[in-house]
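Here the structure is a predicted model, which means the values were calculated and not measured.
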Amino acid sequence: MDLSKTVDLARNFAVMVRVRGPDPKGMKMRKHAFHQYRSGETTLSASGMLVPDTLSNNSEGRVLVLTVASVVEPFLSLQHRHSIPQDRPELIPGVRIDIMTEKTNENSNQGTPCWLGAQLLSLVDVPASALCLQTLIEASLGSPEHEWEVGWSLASNSNDNKTSKDFFRTQGKLEVGGSGSVSLVCKSLTRMAILSVSLSLKDLLGSNVSSMNKRGDFLLAVGSPFGVLSPTHFFNSISVGRVANCYPPYSSDVSLLMADIRSLPGMEGSPVFSEDACLSGIMIRPLRQKTSGAEIQLVIPWDAIVDASSGLLQKAPQNTVKWLYNQGGRPYAAGEATFTDTDKLDSPWRNKNEHINFNSSLPLPTEKTMASICLVTIGDGVWASGVLLNSQGLILTNAHLLEPWRFGKTHVSGGGYGTNSENFPFKSEGATDLGNGITSIQESQTLQSKVGTVHSFIADTNNYRNIRVRLDHVNPSVWCGARVVYICKGPWDVALLQLESVPDKLLPVEMNFSRPSTGSKTYVIGHGLFGPKCGFFPSVCSGVVAKVVEAKTPQSYQSIQTELMHMHELFPAMLETTASVHPGASGGAVINSDGHMIGLVTSNARHGGGTIIPHLNFSIPSAALLPIFMFSKDMKNLSVLRILDEPDEYISSVWALMRPSSPKVNAMPNLRQSLVDNKSKEVQGSKFAKFIAERNDIFKMPSNIGKSGVLTKGVVPSKL
C-alpha cells in the first residue's frame, strides 16, 4: 500500500485524549513530561485510538477509545487509585475527559478536528506485557550503571525531577529484596484505559490486524506529542520506523515490541500500524537507560491487549486478512553492559531443537543476515556483537572489545565504558571489564578447531578470558567457546575470533565491497543495550548512509584481488549512518537493502555529559575489510592481514576525527593514547572533540530552577 494511503487510513483511528480536573496542590502532573495548570486545575493529554466496530464487543452503541491509563490515573478516586476496580473506575468530582478526532461522522472530512466528551469505562492490566517488561528490568538489576528508568528523557527536567529520575532506580533496588515493586511499576506502565464516546461511525471504520510482527517490519504511529500545549501544531503527527525486536523470545505470542521509531512525550497511546495499514498495537512510554540516556520505545501488540480486556475488545474476525509471517518465534536484543552467570543466560521462553526458518510470505533483506550476527561475551561481565564470516566459524568483531585501553576506554568493573569525553569525542560501543597484561602481537601460537590448524597472531591467547560466542541460526541458540586469531594494530578497530567447535548449518554474511551511495537505505543489526540474560536476538535499526569519508587507497590494497572492488584513487575509510546505534552493537553489521554487509559498526558519539548520540555513529566500510575477507576464504594466508596493520596517517586521523592537515600523526595506538592523555595541558584532537568537551560544562551547570520551583531572572520560560 502507498504510504500516503496508509497515513490517511491511520488518521481515521487516531485521537488525542485530554483529561482536566481539580488539582489545588498542583500534584497531578508528577511523572508527566508536560501539562497545563491554571487556577487550581491541571490538564494532561495523551494519544489514543478509535476502536473499529470489527474489533469491539461494545453493546452500548458508542465507539470505544483505547489509550494509556497514565493519563487518567492521577484523577482516580483515592480508593481506585490504589486498587484497580473490576467494574467502572471512579474519578474525583469535577474531572472531564475529552477526545479530539478528525472524523465526527460518516460525512466529515479530515482536517476539521473537534472535541467530544468521553467516559471512562475500564482500566485494563496487560499481564503478559508487564511480565515481559519486568523480565527485562530484572535482568539488569545489580548493575547500577545500566539501570532503567520509565518515561521520556525530556521529562527529566520537569518540575518533579527527583521523583521522575529516581522512580525506577528505587523500585528496582527494592525488587532485589523481593518486594515486587518492579512488578507494580511494569503493571502501571503497560496498563490501558478504555473510554467510550458518542459517534456515528458504525461499520465505517475497519482494520486488519498484524498477527505476527518481524524484526525489520515497517511501523507507522499517529500521535499528538505535546498535544495539549498546542493541538494546532501537534495533533495527529506521523512518525515511522521499524520493529527493532520482539519479546518473549522464541514465542509466537509476542507480548512486547521494541520499536526503532522517533517519538516524543504525548505519543503514548498512539495506534501503530504496519506498511499495509494493519493494526500492530499501542505505543506506551519508553524505557530509558540511566547512564547513556538511550530510550527504548515500546509497543504492546493488539492481541495482548485483547486477551486482557475482559471481552470489551476482540481480535480480528476469522475472515480478516492477517499477516502470516514465520519469524521462528524469535525476538532479539541484548546490549553492551555487564552480566553474570553465563550458564543461566538462556531465556525461559526458549523451545528445543528448532532450526530457524527464514522463509516467509514477504521476506525482508535483513532476515537472512540476522543469522550471521552473533553475541560475543568476555569473562563474566562484557558483551558485544560479531559477524560470522565463513562456515568454518571465523568471527569478525572490534579490537576495542579485547584491548579497550588502546581506544581510550577505562577498566571499569561492571561493564562501564567510560572514555575521557573531553579529549576523545566518540565512544566505542564494546566491552570494558577485561583483565590486564595482554601481550603484543607475535606470529606463533596455533589454534585448533574442527577446520584444522589456524595460525594466530596472538602470543598468548590465554590472556583473553573465557570468550564465548552465541550463534542464533538455530533454536535454541548455540554457545561456543572461541579464541583470538588476530587483533589489528593499525588504524582499523577490528579483530578475528575462531570458534573452538563449529556447529552445522552456519549462515555466513554476504559482503558488498562497493562504495555505498550517500542517502541509500541501511540497517544496523547488533546486540544493543540488553544483555545476554534477556535472551534477545540481534536488534534491527534502520537509517540511511549519511556520509562516506574517503581516503587515498593504500598501495598494499592493490596487491590483493580487485575483482571484488573497483579500485580507484580513493576508497571509503568511514561510514556515517543515521541508524540508531547503542552500546553493545559494536561488532555488528551495517547492511544495505539487498541484505549485504557494507560496514562493521564501531563507535558513536557521546555528549560531554555522558549521553550517547545514537544517530551519529561510525562504521568501517567493507572495502577496508577486504583483506579480512580474503583471509576468511581458506584462513591460511596470514600475510594478507598485515595489510591492515600498516600505519596510515590519513586513515588514523580520520578515525580520530582530526584534520589530516594537522602535524604529523603517529600510528594508531600512539594516536589514541595521545588523545586521552590527561597530562596534556591543552585539549587535543579535532574541533569536534573540543566542541563536545565544551558541552560537558553545560551538562554540569546548575539548574535555573530555584527551590521554590520558580525560574530565576533572565530565563525565558517555555511551554515545552
Side-chain angles (χ1 to χ4, degrees), residues 12-15 17 46-73 76-77 79-80 83-91 97 99 116-133 186-213 248 251-257 268-273 278-284 299-323:
N12 285 330
F13 297 93
V15 300
V17 179
S47 302
M49 71 165 284
L50 297 172
V51 179
D53 183 65
T54 56
L55 302 179
S56 169
N57 287 327
N58 183 34
S59 60
E60 298 182 3
R62 294 165 64 90
V63 175
L64 297 185
V65 176
L66 185 64
T67 186
V68 289
S70 59
V71 72
V72 298
E73 283 179 325
L76 293 174
S77 64
Q79 177 185 359
H80 288 178
S83 177
I84 302 301
Q86 297 296 324
D87 52 0
R88 181 171 297 190
E90 181 181 281
L91 299 171
I97 302 176
I99 71 160
L116 299 172
Q119 298 177 1
L120 176 61
L121 290 184
S122 177
L123 296 178
V124 177
D125 283 329
V126 188
S129 301
L131 178 60
C132 290
L133 191 58
C186 294
K187 285 183 179 179
S188 177
L189 182 61
T190 56
R191 186 173 296 136
M192 295 285 129
I194 299 179
L195 316 175
S196 69
V197 63
S198 179
L199 278 174
S200 56
L201 298 179
K202 187 175 180 63
D203 298 327
L204 175 66
L205 297 175
S207 174
N208 296 336
V209 173
S210 176
S211 62
M212 184 74 75
N213 294 281
S251 173
S252 58
D253 297 323
V254 173
S255 300
L256 195 64
L257 300 179
E268 59 269 34
S270 299
V272 180
F273 298 87
C278 294
L279 178 63
S280 294
I282 299 295
M283 184 181 295
I284 62 176
V299 175
I300 300 182
W302 175 256
D303 284 358
I305 299 173
V306 172
D307 290 340
S309 67
S310 301
L312 281 175
L313 307 173
Q314 67 181 17
K315 298 182 181 180
Q318 293 298 319
N319 60 351
T320 299
V321 178
K322 296 184 178 182
W323 285 15

K.L.:
If I take atom OG from residue Ser47 and atom CE from residue Met283, how far apart are they, to the nearest 0.5 angstrom?
P.N.:
8.5 Å
K.L.:
Which heavy atom of Ile99 sits nearest a heavy atom of Ala118, and at what distance?
P.N.:
CG2-CB, 4.1 Å
K.L.:
Quick check: closest heavy atoms across Thr67 and Ala46, and the distance to 0.1 Å?
P.N.:
OG1-CB, 4.1 Å
K.L.:
For a 4.5 angstrom cut-off between non-hydrogen side-chain atoms, does Ser122 reach Leu312?
P.N.:
yes
K.L.:
Any side-chain heavy atom of Leu313 sitting closer than 4.5 Å to one from Val51?
P.N.:
yes
K.L.:
Roughly how far apart are Ser196 OG and Ile97 CD1, rounded to 0.5 Å?
P.N.:
9.5 Å
K.L.:
Report the residues that fulfil side-chain contact (heavy atoms from CB on, under 4.5 Å) with Ala130, sequence neighbours left out, ordered by chain and then residue number.
P.N.:
Cys186, Lys187, Thr190
K.L.:
Evaluate the criterion side chain to side chain contact (heavy atoms under 4.5 Å, CB included) for residue pair Leu123 and Ile194; output intermediate values, then yes/no.
P.N.:
CA-CA 6 Å; Leu123 296 178; Ile194 299 179; over 6 Å; no
K.L.:
Could you check Leu50 against Val15 for side chain to side chain contact (heavy atoms under 4.5 Å, CB included), going step by step and ending with a plain yes or no?
P.N.:
CA-CA 7 Å; Leu50 297 172; Val15 300; 3.6 Å; yes
K.L.:
Report yes if the side chains of Ser270 and Met49 come closer than 4.5 Å at any heavy-atom pair, otherwise no.
P.N.:
no
K.L.:
So which of Asp125, Ile300, Val126 actually passes side chain to side chain contact (heavy atoms under 4.5 Å, CB included) with Arg191?
P.N.:
Asp125
K.L.:
So, taking the atom named CG in Asp307 and the one named CG in Asp253, what distance separates them when rounded to the nearest 0.5 Å?
P.N.:
7.5 Å
K.L.:
Before you tell me yes or no, could you show the steps for Gln314 and Ser309 under side chain to side chain contact (heavy atoms under 4.5 Å, CB included), namely the whole-Å CA-CA distance, both residues' side-chain angles and the distance that decides it to 0.1 Å?
P.N.:
CA-CA 8 Å; Gln314 67 181 17; Ser309 67; over 6 Å; no
K.L.:
With side chains defined as the heavy atoms from C-beta onward, is the minimum distance between Val272 and Leu257 less than 4.5 Å?
P.N.:
no
K.L.:
Check whether any side-chain heavy atom of Val17 lies under 4.5 Å from a side-chain heavy atom of Leu195, and answer yes or no.
P.N.:
yes
K.L.:
Mind listing the closest non-hydrogen atom pair of Trp302 and Leu55 along with its distance?
P.N.:
CZ2-CB, 3.7 Å
K.L.:
Would the distance check show the side chain of His80 and the main-chain N or O of Pro89 forming a donor-acceptor pair, the cut-off being under 3.5 Å?
P.N.:
no
K.L.:
Is Ile284 close to Met192 at the side-chain level, that is, under 4.5 Å between some pair of heavy atoms?
P.N.:
yes
K.L.:
Could you check if a side-chain atom of Phe13 sits within less than 4.5 angstrom of a side-chain atom of Pro52, using non-hydrogen atoms only?
P.N.:
yes
K.L.:
How close do Leu116 and Ser198 get, heavy atom to heavy atom, and via which atoms?
P.N.:
CD1-O, 4.3 Å
K.L.:
Are the side chains of Val68 and Leu189 in touch, meaning some heavy atoms are under 4.5 Å apart?
P.N.:
no
K.L.:
Looking at every heavy atom in both Pro248 and Ser255, which two are closest together, and how far apart are they?
P.N.:
CD-N, 3.8 Å
K.L.:
What's the separation between atom CG in Leu120 and atom CZ in Arg88, rounded to the nearest 0.5 Å?
P.N.:
8.0 Å
